[in-house]
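The sequence lines fix the lettering, A, B, ..., with proteins before strands; numbering per chain opens at 1.
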Amino acid sequence: ILNVEQSPQSLHVQEGDSTNFTCSFPSSNFYALHWYRWETAKSPEALFVMTLNGDEKKKGRISATLNTKEGYSYLYIKGSQPEDSATYLCAPGDGANNLFFGTGTRLTVIP
Amino acid sequence: DGGITQSPKYLFRKEGQNVTLSCEQNLNHDAMYWYRQDPGQGLRLIYYSQIVNDFQKGDIAEGYSVSREKKESFPLTVTSAQKNPTAFYLCASSPWDSLGDTQYFGPGTRLTVL
């Protein structure tokens with residue numbers, strides 16, 4: 001079992017603000033880091049998968065970075081919009097492709 | 001449309017009864033997974049299967065059973081031995097090509113034990 005910590009637990013931002021969250025995980029036995037977005041009443045949706053130290057991924061206004069040596073990943077949202085409101089989950093994966101999920105960061109974007 | 005379906009969306013059962021949650025996928029994925037979510041906790045892995053007729057226990061398998069007779073289907077039975085079965089259950093599937101394969105999730109089943 002990998003102990004995964006996400007912070008903050010929740011946050012509220014104004015529309016147009018940029019924000020970021022943190023995911024911390026043990027750097028040993030690490031193979032890949034997944035980010036998911038989970039909107040209320042929907043299925044979790046994959047955002048990024050990162051495997052290499054220093055990896056950076058971008059999808060529209062959302063981007064993520066990975067530091068495998070120190071065991072953390074950041075997710076950034078630029079110019080938050082109300083449709084970005086969701087819970088963002090990070091999940092490192094082990095050698096069997098099993099994922100270990102954090103409790104998530106619940107983002108609310110206020111119009 | 002390709003995807004993962006779970007049924008039913010809401011399920012109620014009396015204490016002491018077994019209940020089976022359905023999960024079907026038409027994505028031609030080899031691997032399938034069952035997770036459980038409780039308030040304030042991350043998703044926890046119950047069982048997973050990488051190939052038909054084979055499955056492994058996850059972190060919290062006690063009180064659950066699964067079968068994988070077909071590639072498309074991975075039903076989960078919550079038995080009366082599960083001490084605290086009320087939870088939200090998510091099924092997922094993924095290809096089994098390489099490490100880092102994305103898992104695709106179904107809409108979930110909320111089980112309430114009365």
### Summary
OH of B:Y104 to CD of A:E45, rounded to nearest 0.5 Å, is 10.5 Å

### Task
Let me know if B:Q103 has heavy atoms under 4.5 Å from chain A in its side chain, its backbone, both or neither.
both

### Query
What is the distance from atom NE2 of A:H34 to atom CG of B:D101, rounded to the nearest 0.5 Å?
8.0 Å

### Message
Around atom CD of A:E83, are there more than 12 heavy atoms from other residues, nucleotides or ligands closer than 6.0 Å?
### Response
yes

### Task
Please flag which part of A:F48 lies under 4.5 Å from any non-hydrogen atom of chain B: side chain, backbone, both or neither.
neither

## Note on the structure
Bottom line for B:Q56: the part with an atom under 4.5 Å from chain A's heavy atoms is neither

### Message
Is the shortest side-chain heavy-atom distance between A:F100 and B:D59 below 4.5 Å?
### Response
yes

### Query
What do you reckon, is CD1 of B:I51 surrounded by more than 12 foreign heavy atoms closer than 6.0 Å?
no

#### Entry: Side-chain donor or acceptor of A:T103 paired with backbone N/O of B:G42 under 3.5 Å
no

### Query
How about B:Q17: does its CD atom have over 12 heavy atoms from other parts shown lying under 6.0 Å from it?
yes

### Query
Just wondering, more than 12 heavy atoms not from A:R106 lying within 6.0 Å of its CZ?
no

### Query
Among B:Y33, B:Y35, B:Y48, which residue meets the side chain to side chain contact (heavy atoms under 4.5 Å, CB included) test with A:L99?
B:Y35

### Message
Hydrophobic clusters here meaning ILVMFWY residues chained together by side-chain heavy-atom distances under 4.5 Å, can you tell me if B:V19 and B:Y64 are in one?
### Response
yes

### Query
Around B:E62, counting heavy atoms of other residues, nucleotides and ligands shown, do more than 12 lie under 6.0 Å from its CD?
no

### Residue B:L45 versus chain A: region with a heavy atom under 4.5 Å
side chain

### Task
State plainly whether one hydrophobic cluster holds both A:L66 and A:L75, where clusters connect Ile, Leu, Val, Met, Phe, Trp and Tyr through side-chain heavy atoms under 4.5 angstrom apart.
yes

### Query
Got a second to check how far B:L90's CG is from A:W38's CH2, nearest 0.5 Å?
4.5 Å

### Query
Taking every heavy-atom pair that is under 4.5 Å apart, which of A:G102, A:P44, A:G104, A:A91 has the most such pairs with chain B?
A:P44

